[in-house]
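Comments concern the structure below.
In what follows, chains carry the letters A, B, and so on, assigned in the order in which the sequence lines appear, proteins first and then strands, with residues in each chain numbered from 1.
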There are 2 protein chains.
Amino acid sequence: MSKEHELSQHVMTEQEATRSSNGCSHGGFKGLLDKSLAKMGLSKSEQKKLDREEELVDLAVAILNVHGFAGLSLEKLTAESRYSKGTIYNHFSSKEDCLSALCIRAISSILDLFKRALAFDGCSREKAVAVHYSYQLYARLEPTLFMTVLSSKAPGVREKTSLERQKIIDELEFEVNNFSDAMFRNAVADGSLKIPAHLTIETLTFSNWAMSFGTNILATSAAEAKAVNRLDPNTILLQNIGIVLDGMNWQPLSKDWDYQKTWQRVEREIFADDIKLIG
Amino acid sequence: MSKEHELSQHVMTEQEATRSSNGCSHGGFKGLLDKSLAKMGLSKSEQKKLDREEELVDLAVAILNVHGFAGLSLEKLTAESRYSKGTIYNHFSSKEDCLSALCIRAISSILDLFKRALAFDGCSREKAVAVHYSYQLYARLEPTLFMTVLSSKAPGVREKTSLERQKIIDELEFEVNNFSDAMFRNAVADGSLKIPAHLTIETLTFSNWAMSFGTNILATSAAEAKAVNRLDPNTILLQNIGIVLDGMNWQPLSKDWDYQKTWQRVEREIFADDIKLIG
DNA sequence: CGTCATTTTTGACGAATCGTCATAATATGG
DNA sequence: CCATATTATGACGATTCGTCAAAAATGACG
């Protein structure tokens, strides 16, 4: 009874796809997953599906940033995309599955940043500081995507996530853990870190993760809470991990080294381009 | 065309209200807000509204625990309560507002636990350990309610929360901060803690919060992740805050004191009754 | 090319939830 | 007992969810 659809042809199937994929200017990190896979032997349709998936995740990120967290719906994703309900559900088995796709995007990006941070020219503890810096950088550049990592862990979300994606997430987290473990092992190797009797590498990785994660989550999500806004957002994390690394007795201790300077060097020497985007 | 309502009288207005309020056996913490307010001069209708609000929050907690996070809807709350849509929306301006009400319940309970923990018989650092213990206890007893504290900080949620409740939350967090600050000031006073030059009381409160929060969040929400399940859930937090308190140089350091024993004493001497509920 | 089988895409649909609002019920006070 | 103010009710339109039969695109083969 209501109006007919007057534009039943929005079928410019290919041109737009490539255009929108190249011209993407949302300025976010995208990870390098696709590039490494693209070269391998994939059928044309598989490649096409991957491209579209990336396009859709881009769109989902955009929606997430505009409409916030609860505002992300596959309905909206459908409406703003060139595809229809069924196609969307062909990629994401549910809203939660889509969220997990965003989580994958986030963790991949973070891993990339970690690897860049590791190139910092300094002693092993300074490298660790650089890695924490990069983590905070991501939390500030992409606050919503950062939160994604947490929310995709909620039981309700994980349950509704496709097994494929669950597996990818697990693998990525495994990689992050290995990365962290390796960092500590290097420090042990070069003599600057002696692991206390009652602790293990695994504990150290976890405590670093917990502190950095907790700090960033609270700093980005509780920015207006009194406990947080009475502190300097730029150096809270530095101070907090300073305490942790001191507690692990990782040399040189804060009292013997100016990590503030390290922090600034990391900013200048590794992430100068990225920091501009914070505004 | 469909069925008529055959029971337009479910009007047993008072009896049920009081019965359900007393007989509540959900075993959760409820905080003590109401009791302290009940005695003041309140009109009958105001008192009734408060009672009903408590009843509704109880119900919401139950729904949250059964249907998980996304499953909490005011629709469901309406259906399971003795009231109707309009009445529910009279209490909670939105689903998010309801979530914030749960958050208030959670923070109140946590504050109660903190105060109980402070009664632990030990040195000032042991008291702090006891407080962290109580925090973890809550995270394990009421994982979903614990998460509530975080999710009610998400921008989308906070925006839709009534100003009243926002204010209550802010006040509660203020109280928690004061509590923590005071703990550190006591330690400074008794000489066991000397605040390092580059740090402040505020920083210490925040770093303790961040570590405890991060650890508990990761432990409860990422239990199946590899980084977490390779550790002993019962003592992760103890180890993590051990590192932090050592990093603050709070005496006696872990190497000079068996905090594992303290941890167990706290469990036995203060929270023996509560720990049974974990199963 | 044309044909037909397979795969992908479409959008209509029913169910659930959201928040609003006119109407009905109840409480209050003279 | 009535008049007025407050509160409760549930029907409603809008939005989202996930499904599915039908339509369209693809591509293998003659």
Side-chain angles (χ1 to χ4, degrees), chain A residues 1-14 16-17 43-53 55-56 60 63 67-99 156-157 159-162, chain B residues 1-14 16-17 43-53 55-56 60 63 67-99 156-157 159-162:
Chain A
M1 46 183 68
S2 58
K3 63 193 171 186
E4 298 288 323
H5 294 86
E6 352 192 337
L7 286 179
S8 46
Q9 32 105 340
H10 44 27
V11 213
M12 42 194 86
T13 331
E14 281 304 289
E16 267 205 26
S43 76
K44 203 169 290 182
S45 70
E46 280 168 323
Q47 182 56 51
K48 212 165 116 190
K49 188 162 185 182
L50 279 184
D51 287 345
R52 190 171 48 197
E53 179 123 343
E55 180 191 345
L56 288 177
I63 294 177
H67 296 90
F69 217 74
L72 175 63
S73 68
L74 292 194
E75 204 80 27
K76 232 173 248 153
L77 186 58
T78 296
E80 302 206 12
S81 77
R82 304 180 287 110
Y83 311 101
S84 72
K85 216 63 169 295
T87 304
I88 300 295
Y89 273 86
N90 222 9
H91 282 273
F92 310 115
S93 66
S94 67
K95 176 186 177 173
E96 287 76 16
D97 195 39
C98 177
L99 202 66
V157 175
E159 281 163 12
K160 290 189 175 178
T161 297
S162 67
Chain B
M1 43 184 70
S2 61
K3 62 194 170 188
E4 298 288 322
H5 293 89
E6 355 193 336
L7 285 179
S8 45
Q9 31 105 342
H10 43 26
V11 214
M12 41 196 84
T13 331
E14 282 306 289
E16 267 207 28
S43 77
K44 202 170 290 181
S45 69
E46 280 167 324
Q47 181 57 50
K48 214 164 113 190
K49 189 162 184 180
L50 279 184
D51 287 345
R52 192 171 45 196
E53 180 123 342
E55 181 191 346
L56 288 177
I63 294 178
H67 296 88
F69 217 74
L72 174 64
S73 68
L74 292 194
E75 204 80 26
K76 231 172 248 153
L77 186 59
T78 297
E80 302 206 11
S81 78
R82 305 180 286 111
Y83 312 100
S84 73
K85 215 65 170 291
T87 305
I88 300 295
Y89 274 86
N90 223 8
H91 282 273
F92 310 114
S93 66
S94 68
K95 176 185 177 174
E96 288 76 15
D97 195 38
C98 177
L99 201 67
V157 175
E159 282 162 12
K160 289 189 174 178
T161 296
S162 67

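In this structure, the separation between SG on B:Cys98 and CD1 on B:Ile63 is 8.0 Å, given to the nearest 0.5 Å. For the atom pair A:Glu55 CD and A:Ser81 OG, the distance stands at 7.5 Å (nearest 0.5 Å). Expressed to the nearest 0.5 Å, how far CD1 of B:Ile88 lies from CG of B:Leu74 amounts to 7.5 Å.
OP1 or OP2 of D:dA8 has at least one side-chain nitrogen or oxygen of B:Arg52 nearer than 4.0 Å. Phosphate contact (OP1/OP2 of D:dC17, side-chain N/O of A:Ser73, threshold under 4.0 Å): present. Side-chain nitrogen and oxygen atoms of A:Tyr83 include none within less than 4.0 Å of the OP1 or OP2 phosphate oxygen of C:dT9. B:Thr87 has a side-chain polar atom (N or O) that falls below the 4.0 Å cut-off from OP1 or OP2 of D:dT9. Distances shown here put every side-chain N or O of B:Lys85 at or beyond 4.0 Å from the OP1 or OP2 atom of C:dG19.
Protein atom CG of B:Leu77 is 16 Å distant from nucleotide atom C1' of C:dA16, rounded to whole Å. Distance NZ (A:Lys48) to P (C:dT8): 10 Å, rounded to an integer number of Å. The CG atom of A:Leu72 sits 12 Å away from the C1' atom of D:dT16 (whole-angstrom rounding). Regarding A:Asn90, its CG atom lies at a distance of 17 Å from the P atom of D:dA25, rounded to whole Å. The separation between A:Lys49 atom NZ and C:dT7 atom C1' is 11 Å, rounded to whole Å. The nearest whole Å value for the distance from the CD atom in A:Glu159 to the C1' atom in D:dG18 is 17 Å. Nucleotide C:dT9 holds its P atom 13 Å from the CZ atom of A:Phe92, rounded to whole Å. Taking atom CG of residue A:Leu74 and atom P of nucleotide D:dT16, one finds them 11 Å apart after rounding to whole Å.
Side-chain atoms of B:Lys76 lie closest to C:dT17 of the nucleotides D:dG18, C:dT17, C:dC18. Checking C:dC18, C:dT8, D:dG18 against every side-chain atom of A:Lys160, the shortest atom distance belongs to D:dG18.
Backbone-only engagement by A:Ser94 is indicated by non-hydrogen atom pairs under 4.0 Å involving sugar-phosphate atoms exclusively.
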Apply side chain to side chain contact (heavy atoms under 4.5 Å, CB included) to the pair A:Leu99 and A:Phe69, showing each step before the final yes or no. CA-CA 10 Å; A:Leu99 202 66; A:Phe69 217 74; 4.0 Å; yes
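Map B:Lys95 and B:Gly86 each onto its nearest nucleotide of DNA chain C; the residue landing nearer the 5' end is B:Lys95.
Between A:Tyr83 and the choices A:Thr78, A:Asn90, A:Leu56, the side chain to side chain contact (heavy atoms under 4.5 Å, CB included) rule is met once, by A:Leu56.
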